2 protein chains.
Amino acid sequence: MHSFTEENYLKAIYHLSEANLLAVSTNQIAEMTSTKAASVTDMLKKLAEKKLIHYIRYQGVTLTNSGLTAAVNIIRKHRLWEVFLVEKLGFKWDEVHDIAEELEHINSEALINRLDDFLGNPVADPHGDPIPDKSGKIKQKKLVKITDMQAGESGTVSGVSEHSSLFLKLLDKLGLTLGTGVKILELNEYDGSIMLSIDRSKEQTISRDVAKNILVIL
Amino acid sequence: MHSFTEENYLKAIYHLSEANLLAVSTNQIAEMTSTKAASVTDMLKKLAEKKLIHYIRYQGVTLTNSGLTAAVNIIRKHRLWEVFLVEKLGFKWDEVHDIAEELEHINSEALINRLDDFLGNPVADPHGDPIPDKSGKIKQKKLVKITDMQAGESGTVSGVSEHSSLFLKLLDKLGLTLGTGVKILELNEYDGSIMLSIDRSKEQTISRDVAKNILVIL
DNA sequence: TAATATTTTTAGATTGCTCTAAATAAAATA
DNA sequence: TATTTTATTTAGAGCAATCTAAAAATATTA
Ligand SMILES: [Mn+2]
Ligand SMILES: [Mn+2]
Ligand SMILES: [Mn+2]
Ligand SMILES: [Mn+2]
């Protein structure tokens, strides 16, 4: 198996490639893993040695198939544990990420598959992120930022692209949790803020900064 | 917090003191942690430095109050996770120890207390071992080895002093799981084997080797 | 394109945990 | 009590992961 640390690098590379669509740079990885570039270079050599990444000096890295499999499996575990923490233990969606960062490294196929069944094989975690299945397949729903919607359009809040506790707690206050129905009433040209109708009942104006991190299914 | 490794040493020292009632030796710890005596000596210096153990060269070690608190907390986590694995995920009692060895190091007060509540604040783990409460208090029931019982006496199987998968699966086969009622019918002088009545229905003869590891409440 | 700035890698060191081999202390035995 | 055996500690080293500082490669900009 891979060490705790190797797993964290693989995960970081995976998340960065997701955003990037290109090879990931040493500095990006250093930033995401809170280490220094020199440490990253060392680790990249090791991961390349183990054939988990494609690595050419100065050219950044991409995951190999086996690196991708490993990364997706860690993400599967992370998200399943987040569901467990929220659905079974009653944690709030802004409290679970750090605990899942630890739990995702627990090493047992049987455990994670049984947990998956116990939770009813959920397809998304508490933040709306898709949960890879046993074989690593991910069903990503088509999500749209609120800032990309037109006045008059409606949809259902189904994800967030910012996971900080501060942001998630604000969404709680605004009533914009997952599953909430929203309809764009008006776009305010002055500051980019957006007036919404929430669940066909109350109205709410949210800033562009908030809106851009809320993802909706139309 | 303490490192994964430090936690494992503290736990080893705790379990050895339980059996010992005296200071624990370097070699005993090496044996239990599958390391060499030289490595143990290094770690003992570090744990003493941190005031987790009382350590005098060549004289063995005992836990300080804070070392004891730390050890008991790890054991609390281990046993609660074992209950979770058996009660919620459907694992057998012989399958959970190794997974719990990993889970016991997950570091979150909130998690373990919520888990405790989720499980209904169990007082014993799947092997009958007592679960320390939030404050570290342990309620140990008075248990007796079957080999210490007299013919005619009865009791309820409530613990085991051997946790190997082989032994536990044998108990499953014999029908001697926790909660089972047993009555001593006869002690065979020839080989020390013991004839039992199980749950007032079937009879079963068990070897002395098995009997000495089964603990009963009279 | 040449000079400058940025990014990445290398060199050399540190920390935590581990080991083997050798030295020392304690315990057992003659 | 002297000798031998066993247990424990010290010495010296290795590996994984990290760091800072310096060197090298690449990218930017004039
Ligand atoms: Mn998360
Ligand atoms: Mn999540
Ligand atoms: Mn156990
Ligand atoms: Mn147990």
Side-chain angles (χ1 to χ4, degrees), chain A residues 1-14 16-17 19-63 67 70-71 74 101-102 104-105 107, chain B residues 1-14 16-17 19-63 67 70-71 74 101-102 104-105 107:
Chain A
M1 257 308 102
H2 313 117
S3 75
F4 192 100
T5 312
E6 287 168 342
E7 291 192 345
N8 281 336
Y9 275 90
L10 290 173
K11 190 166 50 116
I13 295 166
Y14 177 88
L16 289 165
S17 332
N20 259 359
L21 277 80
L22 305 154
V24 172
S25 78
T26 301
N27 269 353
Q28 287 177 303
I29 299 169
E31 158 109 60
M32 179 153 293
T33 58
S34 301
T35 57
K36 296 303 161 74
S39 310
V40 173
T41 299
D42 278 353
M43 181 56 80
L44 294 184
K45 287 177 191 165
K46 190 158 62 141
L47 295 177
E49 187 70 39
K50 288 192 168 192
K51 306 242 195 267
L52 293 165
I53 59 172
H54 298 293
Y55 170 52
I56 307 167
R57 288 185 3 159
Y58 294 101
Q59 303 307 138
V61 297
T62 54
L63 293 169
I74 299 158
E101 287 287 301
E102 294 194 50
E104 72 189 6
H105 300 289
N107 216 325
Chain B
M1 259 307 102
H2 314 115
S3 75
F4 192 100
T5 312
E6 287 167 342
E7 290 192 346
N8 281 336
Y9 274 91
L10 290 173
K11 190 166 50 113
I13 295 166
Y14 177 88
L16 289 165
S17 331
N20 258 1
L21 277 80
L22 304 154
V24 171
S25 79
T26 301
N27 269 353
Q28 287 177 302
I29 298 169
E31 157 109 61
M32 179 153 294
T33 57
S34 302
T35 58
K36 296 302 161 74
S39 309
V40 173
T41 300
D42 278 354
M43 180 57 80
L44 293 184
K45 287 177 190 166
K46 190 158 61 142
L47 295 175
E49 188 69 39
K50 288 192 167 190
K51 308 243 194 266
L52 293 165
I53 58 172
H54 299 292
Y55 171 52
I56 307 166
R57 289 185 2 161
Y58 294 100
Q59 304 307 137
V61 297
T62 55
L63 293 169
I74 298 158
E101 287 287 300
E102 294 193 50
E104 71 190 5
H105 300 289
N107 215 328

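Chain naming here is simple, since letters A, B, ... match the order of the sequence lines and numbering starts at 1 in each. Below, each value reflects all heavy atoms present in this structure, side chains not excepted, and no hydrogens, waters or symmetry copies. The structure displayed is predicted, hence computed values, not measured ones.
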Query raised in the report: B:D42 has an atom CG; how far is it from atom P of D:dT8, in whole Å?
Result: 15 Å

Query raised in the report: Which part of the nucleic acid, if any, lies within contact of B:Y55, taking any heavy atom under 4.0 Å across all strands shown: a base, the sugar-phosphate backbone alone, or nothing?
Result: sugar-phosphate

Requested in this report: Compare all side-chain heavy atoms of A:Y55 with those of A:T41 and state whether any distance is below 4.5 angstrom.
Outcome: yes

Report summary line: Closest to the 5' end of DNA chain D, once A:A38 and A:S3 are matched to their nearest nucleotides, is A:S3

Report task. Could you tell me whether A:K51 atom NZ has more than 12 heavy atoms of other residues or ligands within 6.0 Å of it? Result -> no

Requested in this report: Look at the side-chain N and O atoms of A:N27 and state whether any lies under 4.0 Å from the OP1 or OP2 oxygen of C:dT6.
Outcome: no

Query raised in the report: Above 12 or not: heavy atoms from other molecules or residues under 6.0 Å from CD of B:E101?
Result: yes

Query raised in the report: Taking atom C1' of C:dT9 as reference, at what distance in whole Å does atom CD of A:Q59 sit?
Result: 13 Å

Query - Separation between CD1 of B:I29 and OG1 of B:T35, rounded to the nearest 0.5 Å - result: 8.5 Å

Report task. Report yes if a side-chain nitrogen or oxygen of B:T41 is closer than 4.0 Å to either non-bridging phosphate oxygen (OP1 or OP2) of D:dT9; otherwise report no. Result -> yes

Requested in this report: Would you tell me if any nitrogen or oxygen in the side chain of B:S39 comes within less than 4.0 Å of OP1 or OP2 on C:dC19?
Outcome: yes

Query raised in the report: Using a cut-off of less than 4.0 Å, is there contact between a side-chain N or O of B:S25 and OP1 or OP2 of D:dA7?
Result: no

Query raised in the report: Does A:T26 place a side-chain N or O at less than 4.0 Å from the phosphate oxygens OP1/OP2 of C:dT9?
Result: yes

Query raised in the report: Tell me: CE of B:M43 to P of C:dC19, nearest whole Å?
Result: 11 Å

**Report entry** Spacing between B:R57 atom CZ and D:dA7 atom P, to the nearest angstrom
**Finding:** 18 Å

Query raised in the report: Can you check whether B:K45 has a side-chain N or O nearer than 4.0 Å to OP1 or OP2 of D:dT10?
Result: yes

Report task. Ignoring backbone atoms, test whether B:K36 places a side-chain nitrogen or oxygen under 4.0 Å from the OP1 or OP2 oxygen of C:dT20. Result -> yes

Report task. Look at B:Y9 and C:dT18 and indicate whether a side-chain polar atom (N or O) is within less than 4.0 Å of OP1 or OP2. Result -> yes

Query - Rounded distance (Å) that lies between atom P of D:dA7 and atom CD1 of B:I29 - result: 14 Å

**Report entry** A:E31 CD to C:dT7 P, straight-line distance once rounded to whole Å
**Finding:** 11 Å

Report task. Could you state the atom-to-atom distance from CD of A:Q28 to P of C:dT7 in whole Å? Result -> 11 Å

Query raised in the report: B:Y58 OH to D:dA7 P: how many Å, rounded?
Result: 13 Å

Query raised in the report: Is the number of heavy atoms from other residues, nucleotides or ligands under 6.0 Å of B:L22 CG greater than 12?
Result: yes

